[in-house]
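Just so you know, these numbers use all the heavy atoms, side chains as well, and skip hydrogens, waters and symmetry mates. We name chains A, B, ... by the order of the sequence lines, and we start the count at 1 in each one.
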Amino acid sequence: MGIQGLLPLLKTVMAPITIEELRDQTVAIDVYSWLHKGAFSCSIELCKGLPTSRHIDYCMHRVNLLRNHSVKPILVFDGGSLPMKIDKETKRARARKENLEWALKHEAAGNSFAAHECFQKAVDISPSIAWELIQVLKKENIDYVVAPYEADAQMAFLSINKLVDAVITEDSDLIPFGCHRIIFKMDKFGQGVEFKCSMLDKNKDIDFTGFTKTMLLEMCIFSGCDYLQSLPSIGLKRAYALVKKYKSYEKVIKHLRCTSIAIPPHYEENFKKAIWTFQHQRVYDSVKEDIVHLSNIPHDCDIDLEFLGPWLPQKLVQGIAKGDVDPLTKIPFQFKMAAIKRYRNMESSNDEQNIPLMVDESQETEAHIQHSNAMVGTSNNALRSEGQIIVATVM
DNA sequence: TTTCTGTATAAAT
DNA sequence: TATACAGAAA
């Protein structure tokens, strides 16, 4: 979702850029946004589990556009959900499910237009879809990494540590994450708009001189972000004015307590957590080949850091980063693929025509749970309660 | 003046 | 899904 209204606010420091200007540079790509766009041309197939590669082709077309201009892409995939966002994720999953049900109803009623609309809203860019693309990337020798948690944090890590020259994304969150250079809205012709952190001082609409990175981040959080809802009647403009005047979020909140605006319980505590999620979220360090914090946490920190994404054993996070292990279920893809093959064979042996294969990501077999528990080192129940395990079922 | 809400539309071919 | 725009509400 990002920070609503942030990009329009910064439009005076947004500059058009073309792919030619990126020659010989390395860019991190928010690949889920490509997969989402690519999925539009084949939403029905993806929903029904019918074979298609249009979404993969779309991504590879974009990859080749970059390669043809001698730009080196690193494709960054989303990984697991942060505990803080699990509610939102389940809501989205429910909405997709409802859209799928409507799509099937419309289809049965012969209303293919309405059905198609619902299918498009029902598409889930699942880890399996990412896995399919990754198989192509391996063959084509394209760099990629699956983040342990959010791709945004992973791309910010690459940018902050100078492992890439720019990040290509649609998500304004990369700005509060502290990414140095971002290219938004890059189209199939390689044209987009460039944002550079260093240009912030020159913004006309609103004056950011004297603003620190932390102030910019706090402004974004006050205006409402994925990790914390804004207080009623506080948007970007008011958030800007408050941070400019009071300099720190503690002082802003102290001031707000003297106004008629109601501050929900734990707001200040949750605000701190939101700051930390932007600054210290867990990401994959491909040099250390291990899970690290986006930026180091203070040594004297004694708070529970689970909200930054639970820590993962090195072997597991490596498996996730390479795309061999499902980041949501922590189950190696080989198991799922074996299961799908098994069911396919069962179908072809006793049926006359292609029966669509639905992959239901809400259940799993005992053997897979056992294996993944061994990998994660958690109890059966802990994994079960996290849900989202996989089994192939036949429609 | 700013924020909030709803509606339309584009994305892909 | 995300953005843009319009009009209402505060």
With 3.5 Å as the limit, what N/O pairs link the protein to nucleotides 11-13 of chain B?
residue : atom : partner : partner atom : Å
B:dA12  : OP1  : A:Tyr58 : OH           : 2.8
B:dA12  : OP1  : A:Arg62 : NH2          : 3.4

Neighbour count above 12 (heavy atom, 6.0 Å) for A:Glu101 CD: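 More than 12 within 6.0 Å, yes.
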
Is the number of heavy atoms from other residues, nucleotides or ligands within 6.0 Å of NZ (A:Lys138) greater than 12?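 Yes.
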
Measure from [atom1] on [X] to [atom2] on [N] and round the result to the nearest Å.
X        : N     : atom1 : atom2 : value
A:Ile3   : C:dT1 : CD1   : C1'   : 17 Å
A:Leu9   : C:dA4 : CG    : P     : 13 Å
A:Ile125 : C:dT1 : CD1   : P     : 10 Å
A:Asp173 : C:dT1 : CG    : P     : 15 Å
A:Asp171 : C:dT1 : CG    : P     : 13 Å
A:Lys11  : C:dA4 : NZ    : P     : 10 Å
A:Leu6   : C:dT3 : CG    : P     : 11 Å
A:Lys185 : C:dT1 : NZ    : C1'   : 13 Å

For residues A:Gln314 and A:Glu289, is any side-chain donor paired with an opposing acceptor at under 3.5 Å?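 The answer is no; no qualifying pair exists.
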
What I want to check is whether the side chains of A:Asn99 and A:Arg96 have a donor and an acceptor closer together than 3.5 Å.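 A:Arg96 and A:Asn99 do not have a side-chain donor-acceptor pair below 3.5 Å.
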
Are A:Phe208 and A:Tyr240 near enough that their ring centres are under 6.0 Å apart?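 Yes, close enough.
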
Output field: ring centroids A:Tyr284/A:Phe157 closer than 6.0 Å: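 Not under 6.0 Å, so no.
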
Which part of the nucleic acid, if any, lies within contact of A:Gln4, taking any heavy atom under 4.0 Å across all strands shown: a base, the sugar-phosphate backbone alone, or nothing?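 It contacts nothing in the nucleic acid.
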
Nearest-nucleotide 5' precedence on DNA chain C, A:Pro8 against A:Arg96: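 Nearest nucleotide further toward 5': that of A:Arg96.
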
Describe, in one word, how the ring planes of A:Phe271 and A:Tyr249 are oriented to each other, choosing from parallel (under 30°), tilted (30 to 60°) and perpendicular (over 60°).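 Rings of A:Phe271 and A:Tyr249: parallel, as their planes differ by under 30°.
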
Report the relative orientation of the aromatic rings in A:Phe307 and A:Trp276; use parallel for angles under 30°, tilted for 30 to 60°, perpendicular for over 60°.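 Tilted.
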
Any pair counted as side chain to side chain donor-acceptor pair (under 3.5 Å), so long as it reaches residues 177-199 of chain A, sequence neighbours left out: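 Side chain to side chain donor-acceptor pair (under 3.5 Å) check on residues 177-199 of chain A returns A:Gln25-A:Arg181, A:Arg181-A:Glu194.
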
Protein heavy-atom contacts under 4.0 Å, written 5' to 3' over nucleotides 1-6 of chain B as B (base), S (sugar-phosphate only) or - (none), form the string -SSS--

